[in-house]
Amino acid sequence: MSGLHIPIDTPDGSRTTHAENLLAPNPSPMTLDGTNTWVIGAGDEVIVVDPGPEDESHLRRVAGHLGERRVTQILLTHGHFDHSGGAKRFAELVGAPVRALDPRHRLGDEGLADGDVVTVAGLELHVYGTPGHSFDSLCFWLPADRAMLTGDTILGRGTTIIARDGGLADYLRSLDRLRAAAESLDARVLLPGHGPVLPDPIGALDGYIAHRRQRLDQIRAARQQGAKTPRQIVKIVYADVDRSLWPAAEMSVAAQLDYLDRL
Ligand SMILES: [Zn+2]
């Protein structure tokens, strides 16, 4: 694939031929460097994926960066606030509808769901329903660049969490589905919702799948040692992880316990 550009120190400005990342200034342990706002298009029309949080300076920067190019649609990979919070304001700035799986995040008549094909300037974006991180998570396949926009289903660094509105069984199925798609479509790059782009899609997906299996094994083992609550399990299994992430890890462990108890 031509046009892949990966800056060294920041995801800001990462790009493929038809996709460009404008990084939102909301870094945190959960959002890594911040939220990636992806601009997809060619010529004078673009789609914006995930305007990011409600941060006027970021939204104005994206709108300003587009210049004369017209935003035909705003798409959300999912409804979490760091991706969707600025959508309404951005829609106002550029005069475009917002499409999302969850009707509560839409602005306009059109939804967005698995199997949809969204077009802009002769480009196609194929929508994959990938629930798990959240119930409403979507990925977008950009065939022109052999690129998959993954939202928070796959991050550029580390691993993602299973949020309260997600589920591990769904997530594991989504990972398998993305793995199969990456292989059959010959994906060349993953464009995540946070962190740097991933130029080895199969490697990244295999890593995620292996990590999930390993965590489940660790949780089974911790339970055999007598740990019962998510907190007790986190202390054992996530001992090597920064403590600021333990609350998120507890949420993830709760999702894994729920999954194991249903097997
Ligand atoms: Zn996020």
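The figures that follow rest on heavy atoms only: side chains count, while hydrogens, waters and symmetry mates do not. Read the numbers this way: they start at 1 and go in the same order the structure lists the ligands and their atoms.
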Would you check, one step at a time, whether the test side-chain hydrogen bond (donor to acceptor under 3.5 Å, both in side chains) holds for His80 with Ser134?
CA-CA 8 Å; His80 288 169; Ser134 65; 4.6 Å; no

One pair to check against side-chain hydrogen bond (donor to acceptor under 3.5 Å, both in side chains): Asn26 and His58. What are the steps and the verdict?
CA-CA 10 Å; Asn26 60 329; His58 173 62; over 6 Å; no

Count of N, O or S atoms belonging to protein, less than 2.8 Å from the Zn ion (ligand 1):
4

With a cut-off of 6.0 Å (strictly less than), are more than 12 heavy atoms of other residues, nucleotides or ligands near CG of Asp186?
yes

Arg89: side chain to side chain donor-acceptor pair (under 3.5 Å) partners, not counting sequence neighbours:
Glu56, Glu92

Worked check of side-chain hydrogen bond (donor to acceptor under 3.5 Å, both in side chains) between His194 and Asp82:
CA-CA 10 Å; His194 303 280; Asp82 54 323; 3.0 Å; yes

With side chain to side chain contact (heavy atoms under 4.5 Å, CB included) as the test, pick out the partner of Pro11 among Asn21, Ile6, Thr35.
Asn21

